[in-house]
Amino acid sequence: MSLKKINTVLTAVFILFILWFGTDFILSPETTAPGFGLPSWPSGDGGGFLIIKGIRDVVLALVLGILLVTGHRRALGWVLLVEALAAYGDMTTVLAHHGSVATAFGVHALTATLMVVNGLLMMRETRKVAAAPATPAPQPA
């Protein structure tokens, strides 16, 4: 299997996973939130922040999807690297609020690290294209 196919499949899996998780947070945050790794449900009107997290995830997935569908593979590699920071941020949030260490590392850190690997593979795939000098357009005689 070519590197391009591997990258495409990995990216598509990330897109579907992030869309699914984000949509779950929007539609049923009370059942999805415990899987995030925090020790308690937000008090008062704090549940709205869970919906914000879901919207964030859906938007992150849509950005990846648009870049994948339009063939902007080098930009897709960069965006995967940057979006991994959101998952590392989620890991840090869980750990800082005394949440589940297993979820922080087993879900958030693992997801982020796999996104970094996918992003680096995408950058490797597109390295030759980006490094190739632009050839001047032929001039009419």
Side-chain angles (χ1 to χ4, degrees), residues 1-140:
M1 187 180 283
S2 73
L3 182 57
K4 184 174 182 175
K5 286 183 183 179
I6 291 169
N7 286 336
T8 301
V9 169
L10 285 174
T11 304
V13 168
F14 278 119
I15 291 166
L16 293 174
F17 174 72
I18 297 167
L19 272 175
W20 166 73
F21 202 73
T23 303
D24 256 8
F25 262 98
I26 293 168
L27 298 177
S28 58
E30 64 283 344
T31 57
T32 308
F36 187 77
L38 292 173
S40 63
W41 179 259
S43 61
D45 291 333
F49 286 101
L50 298 173
I51 295 170
I52 291 170
K53 186 245 184 288
I55 292 168
R56 177 200 74 176
D57 287 350
V58 168
V59 170
L60 292 175
L62 291 175
V63 169
L64 292 173
I66 288 168
L67 291 172
L68 181 64
V69 169
T70 59
H72 291 91
R73 297 182 72 81
R74 185 116 181 125
L76 178 57
W78 282 111
V79 171
L80 279 162
L81 292 172
V82 171
E83 286 191 9
L85 295 174
Y88 282 128
D90 291 346
M91 174 201 72
T92 304
T93 300
V94 170
L95 292 173
H97 290 88
H98 311 292
S100 167
V101 173
T103 303
F105 289 107
V107 175
H108 303 296
L110 179 61
T111 299
T113 302
L114 290 173
M115 288 179 79
V116 167
V117 168
N118 191 192
L120 291 173
L121 287 173
M122 191 71 70
M123 299 301 283
R124 181 173 184 215
E125 171 199 324
T126 59
R127 170 180 60 198
K128 292 176 187 164
V129 174
T135 55
Q139 299 298 320

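Residue numbers start at 1 and run along the sequence shown.
Thr31 and Ser28 form a side-chain donor-acceptor contact under 3.5 Å, judged by distance and modelled atom types alone.
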From CA spacing to verdict: side-chain contact (heavy atoms from CB on, under 4.5 Å), Met122, Arg74: CA-CA 7 Å; Met122 191 71 70; Arg74 185 116 181 125; over 6 Å; no
Checking Phe36 against Lys53 for the side-chain contact (heavy atoms from CB on, under 4.5 Å) test, could you report, in this order, the C-alpha distance in whole Å, the side-chain angles of both residues, the deciding distance, and whether it holds? CA-CA 11 Å; Phe36 187 77; Lys53 186 245 184 288; 3.3 Å; yes
Taking it one step at a time, do Val116 and Leu80 satisfy side-chain contact (heavy atoms from CB on, under 4.5 Å)? CA-CA 7 Å; Val116 167; Leu80 279 162; over 6 Å; no
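The two residues Leu50 and Ala33 have their closest heavy-atom pair at CD1-CB, 3.7 Å. Residues Lys4 and Arg73 share a closest heavy-atom pair of O-NH2, 3.1 Å. Taking each heavy atom of Ile26 and Ile51 in turn, the nearest pair found is CG1-O, 4.0 Å. Considering all non-hydrogen atoms of both residues, Thr70 and Leu67 come closest at OG1-O, 3.4 Å. Heavy-atom minimum distance, His108 versus Asp90: ND1-CB, 3.5 Å. Between Met91 and Ala109, the closest heavy-atom pair is SD-CB, 3.5 Å.
Looking only at side-chain heavy atoms (C-beta outward), Leu121 and Leu3 come within less than 4.5 Å of each other. You'll find the side chain of Phe14 reaches within 4.5 Å of the side chain of Thr111, heavy atoms only. For the pair Leu81 and Met115, the minimum side-chain heavy-atom distance is 4.5 Å or more.
The CG atom of Leu64 sits 5.5 Å away from atom CD1 of Ile18, with the distance rounded to the nearest 0.5 Å. How far CZ of Phe49 is from CZ of Arg56: 13.5 Å, rounded to the nearest 0.5 Å. Considering OG1 of Thr126 and CG of Leu76, their distance stands at 9.0 Å, rounded to 0.5 Å.
Between Phe21 and Phe17, the two ring planes are parallel [angle under 30°; tilted spans 30° to 60°].
Tested against Val79 for a side chain to side chain contact (heavy atoms under 4.5 Å, CB included), the candidates Val63, Ile66, Leu60 yield a single pass: Val63.
Residue pairs meeting the salt bridge (Lys or Arg N to Asp or Glu O under 4.0 Å) criterion with at least one member in residues 5-27, sequence neighbours excluded, do not occur.
Thr23 meets the side-chain hydrogen bond (donor to acceptor under 3.5 Å, both in side chains) test with no other residue; sequence neighbours excluded. Scored by the side-chain hydrogen bond (donor to acceptor under 3.5 Å, both in side chains) test, Thr113 finds Tyr88 as partners (sequence neighbours excluded).
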